[in-house]
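Working notes, beginning with the structure itself.
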Amino acid sequence: MKIRLDKYLTDMGAGTRSGIKKEIRAGNVLVNGQVQKRPEVKVDTEEDTVTLDGQAVAYAAFEYYMLNKPAGVVSATSDKKETTVVDLIRERKRRDLFPVGRLDKDTEGLLILTNDGGLSHRLLSPSKHVDKVYFAVTDGPVTEEEVRRFAEGVDIGDDAPTLPAHLVIESSGEHSRIRLTICEGRYHQVKRMFAAVGRNVLYLKRIRMGGLALDERLAPGEYRRLTEEEVERLCSQEKRL
Ligand code: URA
């Protein structure tokens, strides 16, 4: 792909467009070892080597991260008051990263961040029914009655009941531990499903999305790049389902 030199460096987070233009005009940018003073010159993102102040700047068309979202952070790209999930990705090259879907502020767990709009669309499209698996702690006992009701679909106040969901009870008592697999992404869906059967969700964590499981080595707030194999697995999600 051929793009302007100033866009190349701005996309990679090397500075603001105006700052980058100044750097280029000042002779601080080399393309294939030659000083290039024209911000508008086209460079090939795959073939050309660009350096700024002696540092090579590799071009990444798409970036993919897995974040173990901590509680207290909002699933947005920017916010005037709150820390966002994008703020947590300190190593990002791209300035256009966004979260694939949303987790509530108090929800933890697997969140993919990317600038690949096509992948995001494939994972979130209602017609694709990508499975999302959550671990939750609720107040009060959860029984086979809830397993049956969730499998049938529950009325959570929307136009249509939820699609069948798979509930697994790990333990039931004063506080119950469960795993729930849903294939939709309605607003507050897990909390609203439990509210519909008279339970409050006290803790919620997403542990899987389609073929991608949360890497349990990541503490809340930690992240890592997805491997090529993981990206391919997510990209072929449509074919796998
Ligand atoms: N369901 C919820 O209620 N909250 C989330 O963050 C995700 C699913």
Side-chain angles (χ1 to χ4, degrees), residues 63-92 94-117 119-126 130-140 142 146 150 154-158 162-163 165 167-168 170 174-210 212-226 234:
E63 286 194 292
Y64 305 90
Y65 293 93
M66 169 193 293
L67 169 70
N68 184 356
K69 179 192 170 298
V73 170
V74 294
S75 297
T77 51
S78 65
D79 194 284
K80 286 206 177 84
K81 290 192 221 123
E82 312 271 5
T83 304
T84 73
V85 289
V86 173
D87 294 333
L88 298 180
I89 314 293
R90 290 173 306 279
E91 287 163 25
R92 69 187 190 272
R94 303 280 325 195
R95 300 177 147 236
D96 48 0
L97 286 190
F98 58 86
V100 175
R102 283 168 188 274
L103 292 175
D104 297 337
K105 188 174 170 188
D106 60 353
T107 301
E108 295 185 0
L110 175 62
L111 195 63
I112 298 164
L113 290 109
T114 184
N115 59 321
D116 183 346
L119 174 75
S120 173
H121 177 73
R122 282 196 296 282
L123 290 174
L124 298 180
S125 167
V130 172
D131 280 349
K132 271 87 54 180
V133 186
Y134 292 88
F135 167 78
V137 178
T138 68
D139 61 355
V142 175
E146 281 76 52
F150 282 9
V154 235
D155 179 359
I156 57 172
D158 292 343
T162 57
L163 289 175
L167 176 61
V168 174
E170 289 186 357
E174 194 182 335
H175 290 155
S176 300
R177 296 163 63 90
I178 63 88
R179 270 167 207 254
L180 180 65
T181 305
I182 58 175
C183 60
E184 302 166 282
R186 300 196 202 175
Y187 183 63
H188 293 330
Q189 183 164 344
V190 175
K191 292 174 187 164
R192 288 163 71 208
M193 286 175 75
F194 277 101
V197 296
R199 292 280 159 264
N200 289 309
V201 171
L202 306 176
Y203 173 79
L204 186 60
K205 177 181 182 180
R206 182 156 65 195
I207 54 178
R208 175 175 283 277
M209 195 163 175
L212 189 71
L214 176 66
D215 185 336
E216 289 292 346
R217 289 169 298 189
L218 297 174
E222 290 185 347
Y223 61 90
R224 67 162 170 80
R225 282 178 191 276
L226 292 185
L234 282 176

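Throughout, residue positions are numbered sequentially from 1 according to the sequence presented. Everything quoted here is computed from the prediction, not taken from an experiment.
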task: Starting from the C-alpha separation in whole Å, work towards a yes-or-no answer on salt bridge (charged side-chain N to carboxylate O under 4.0 Å, His left out) for Glu184 and Arg192.
output: CA-CA 13 Å; Glu184 302 166 282; Arg192 288 163 71 208; over 6 Å; no
message: Please evaluate residues Leu88 and Leu67 with respect to the criterion side chain to side chain contact (heavy atoms under 4.5 Å, CB included), reporting the C-alpha separation (whole Å), side-chain torsions for both, the decisive distance (0.1 Å), and the verdict.
response: CA-CA 9 Å; Leu88 298 180; Leu67 169 70; 4.1 Å; yes
- prompt: Ion pair present between Arg179 and Glu170, side-chain N to carboxylate O less than 4.0 angstrom?
  reply: yes
query: Thr107 side chain to Leu204 main-chain N or O, any donor-acceptor pair under 3.5 Å?
result: no
task: For the residue pair Thr77 and Pro99, establish whether any side-chain heavy-atom pair is separated by less than 4.5 Å.
output: yes
- prompt: Can you name the nearest heavy-atom pair linking Ala165 to Met193, along with the distance?
  reply: CB-CE, 3.7 Å
task: Apply side chain to side chain contact (heavy atoms under 4.5 Å, CB included) to Leu123 and His121, showing your working.
output: CA-CA 5 Å; Leu123 290 174; His121 177 73; over 6 Å; no
message: Using the rule side chain to side chain contact (heavy atoms under 4.5 Å, CB included), only one of Asp139, Val142, Val137 pairs with Ser176; which is it?
response: Val142
- request: Would you name the heavy atoms of Val197 and Val154 that are closest together and state the gap between them?
  value: CG1-CG1, 4.4 Å
statement: Distance col, row Leu110:CG vs Lys132:NZ, nearest 0.5 angstrom, shows 11.5 Å
query: Between Arg102 and Val74, is any pair of side-chain heavy atoms under 4.5 Å apart?
result: no
query: Is there a side-chain contact between Tyr134 and Arg208, using heavy atoms and a 4.5 Å cut-off?
result: no
Ring-ring centroid check Phe150 Phe194, cutoff 6.0 Å: yes
message: Quick one, Leu202 and Thr138 - any side-chain contact, counting heavy atoms below 4.5 Å?
response: no
Derivation of the side chain to side chain contact (heavy atoms under 4.5 Å, CB included) call for Arg224 and Met66: CA-CA 6 Å; Arg224 67 162 170 80; Met66 169 193 293; 3.8 Å; yes
message: Determine whether Tyr223 and Asn68 satisfy the following criterion, side chain to side chain donor-acceptor pair (under 3.5 Å), listing intermediate values before the conclusion.
response: CA-CA 6 Å; Tyr223 61 90; Asn68 184 356; over 6 Å; no
- request: Take Lys205 and Tyr203, measure what side chain to side chain contact (heavy atoms under 4.5 Å, CB included) needs, and give me the verdict at the end.
  value: CA-CA 7 Å; Lys205 177 181 182 180; Tyr203 173 79; 3.5 Å; yes
- request: Please indicate whether His175 has more than 12 foreign heavy atoms, meaning atoms of other residues, nucleotides or ligands, lying under 6.0 Å from its NE2.
  value: yes
query: Is Ile182 close to Asp131 at the side-chain level, that is, under 4.5 Å between some pair of heavy atoms?
result: no
field: For Asp106, all residues meeting salt bridge (Lys or Arg N to Asp or Glu O under 4.0 Å), sequence neighbours excluded
entry: Lys191
query: Roughly how far apart are Thr114 OG1 and Leu97 CG, rounded to 0.5 Å?
result: 7.0 Å
- request: First locate atom CZ of Arg92, then atom CZ of Arg225, and finally report the distance between them rounded to the nearest 0.5 Å.
  value: 12.0 Å
- prompt: Out of curiosity, Leu163 CG to Arg186 CZ, how far, rounded to the nearest 0.5 Å?
  reply: 6.5 Å
Side-chain ion pair, Glu146 and Arg199, N-O less than 4.0 Å: no
- prompt: Looking at Ile156 and Ala196, what are the two nearest heavy atoms and their distance?
  reply: CG2-CB, 4.3 Å
- prompt: Got a donor-acceptor contact below 3.5 angstrom from the Glu82 side chain to the Val73 backbone?
  reply: no
- prompt: Under a 4.5 Å cut-off applied to non-hydrogen side-chain atoms, are Ser75 and Asp104 in contact?
  reply: no
message: Do Val130 and Cys183 have side chains that approach each other closer than 4.5 Å (heavy atoms only, starting at C-beta)?
response: no
query: Between Ala76 and Val85, which heavy-atom pair has the shortest distance, and what is it?
result: O-CG2, 3.8 Å
- request: Working to the nearest 0.5 Å, report the span between CG of Leu111 and CG of Leu103.
  value: 5.0 Å
field: Intermediate values then yes/no, side chain to side chain donor-acceptor pair (under 3.5 Å), Glu63 and Tyr65
entry: CA-CA 7 Å; Glu63 286 194 292; Tyr65 293 93; 2.9 Å; yes
field: Non-hydrogen atoms of Leu218 and Glu222 that approach each other most closely
entry: CA-OE1, 3.7 Å
message: Do Thr181 and Val168 have side chains that approach each other closer than 4.5 Å (heavy atoms only, starting at C-beta)?
response: no
Spatial distance of atom CG (Leu234) from atom OG (Ser120) [nearest 0.5 Å]: 11.0 Å
